[in-house]
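For reference, the structure is listed below as structure tokens.
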Amino acid sequence: MLTVQNVNKEYRRGETPFFAVEDANLQVENSDFVCVTGRSGSGKSTLINLISGLLRPDSGSISLDGTALDTMRDDALSHFRNTHIGHIPQGHSLISYLSVLDNVRLPYYLYPRKDDVTARARDLLDLVGILHLQNDAPRNLSGGELKRVAIARSLICEPALLLADEPTSDLDSVTTAVVMKLFSEIHRRGTAVILVTHEENLIAYSNRHLIMENGRIKE
């Protein structure tokens, strides 16, 4: 489903160039739950942002479902990401003045669609266990509840691929277990998952483990 081939992303620190991602090669199938670990600065988040199309590779190619992301125009890439990729970024990314329900529905209405997605949004909130909070503002939610809203929002457009960048970094062990069981259920229902984490105990939830070191991927 996903093919990353010879991908490089280079930055400069002063006059010194360095690779955030170097010669990355990766294939992910529909049935995969991939866990990516590595030290801070090893290139994990850069890899996720390259796969999502939020960053462009300096060289190499990335394709999803046969579509080359690295050569698409920005507007076409944004539309493709909206319809094919769910992305849970680091930290809290909800819009403060929207209710929980409206935060979940928002990606669906970024492009013209005929259907009312409210019922699906409520089903997703029920799946993540916070339907009772649908009318609340994000400021009233705990860290774990905010993360569950972000998970529901990432699934609203029924993506083929879900990308999660450190989704449990600010959660306690009990909430982490709840969130990881959600990812397992999402994967069981047919969505491929790539999860970036520092927490090696989460590897057990995946069927593939990648290690990033100095921008390079090792399986």
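Remember, it's a predicted structure, so these values are computed and weren't measured experimentally. The residues of the chain are indexed from 1 along the displayed sequence.
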Answer yes if the side chains of Asp172 and Thr175 hold a donor-acceptor pair under 3.5 Å, and no otherwise. yes

Cationic tip of Arg113 within the cone over Tyr108's six-membered ring, i.e. under 6.0 Å and within 45° of the normal? yes

Does the ring of Phe183 carry Lys181 above it, NZ/CZ under 6.0 angstrom from centre and within 45° of its axis? no

Could you give the distance from NZ (Lys218) to OG1 (Thr37), rounded to the nearest 0.5 Å? 9.5 Å

Heavy-atom check, side chain of Ile62 versus side chain of Thr3, under 4.5 Å: no

Check step by step if side-chain hydrogen bond (donor to acceptor under 3.5 Å, both in side chains) holds for His198 and Ser40. CA-CA 8 Å; His198 282 97; Ser40 294; 3.0 Å; yes

Looking at every non-hydrogen atom in both residues, tell me the closest pair between Leu195 and Phe33 and how far apart they are. CB-CE2, 4.2 Å

Residue set satisfying salt bridge (Lys or Arg N to Asp or Glu O under 4.0 Å) with Arg120, at least two apart, ordered chain then number -> none

Using side-chain heavy atoms (C-beta onward) and a distance below 4.5 Å, is Ile51 in contact with Val4? yes

Any side-chain donor near an acceptor of the partner, Asp102 and Tyr97, under 3.5 Å: no

Under 3.5 Å, which donor-acceptor pairs do the side chains of residues 130-138 form with other protein atoms, sequence neighbours left out?
from: Gln134; atom 1: OE1; to: Arg122; atom 2: NE; distance (Å): 2.8

Within 6.0 angstrom of Asn214 CG, more than 12 heavy atoms from elsewhere: no

Going by distance alone, is a donor N or O of one side chain under 3.5 Å from an acceptor N or O of the other, for Ser52 and Arg81? no

Cation-pi geometry met for Arg13 and Phe18 (6.0 Å, 45°): yes

Decide yes or no for Arg56 and Leu77: does some side-chain heavy atom of the first lie under 4.5 Å from some side-chain heavy atom of the second? yes

Return yes when atom CD of Glu213 has more than 12 non-hydrogen atoms of other residues, nucleotides or ligands closer than 6.0 Å, and no otherwise. no

Could you work out, with salt bridge (Lys or Arg N to Asp or Glu O under 4.0 Å) as the rule, every residue matching Arg139, not counting sequence neighbours? none

Shortest non-hydrogen contact from Leu94 to Arg153? CD2-NH1, 3.7 Å

Donor-acceptor contact below 3.5 Å, side chain Asn103 vs main chain Ile95: yes

For residues Asp70 and Pro57, report the shortest heavy-atom separation together with the two atoms involved. CB-CG, 3.9 Å

For atom CZ of Arg39, decide whether the heavy atoms of other residues, nucleotides or ligands shown that lie under 6.0 angstrom number more than 12. no

State whether a side-chain donor-acceptor pair under 3.5 Å links Ser45 with Asp165. yes

Residue among Val128, Thr191, Leu127 satisfying side-chain contact (heavy atoms from CB on, under 4.5 Å) with Glu185: Leu127

If you apply the rule side-chain hydrogen bond (donor to acceptor under 3.5 Å, both in side chains), what do you find for Asp23 with Asn6, and how did you get there? CA-CA 4 Å; Asp23 196 28; Asn6 305 125; 3.1 Å; yes

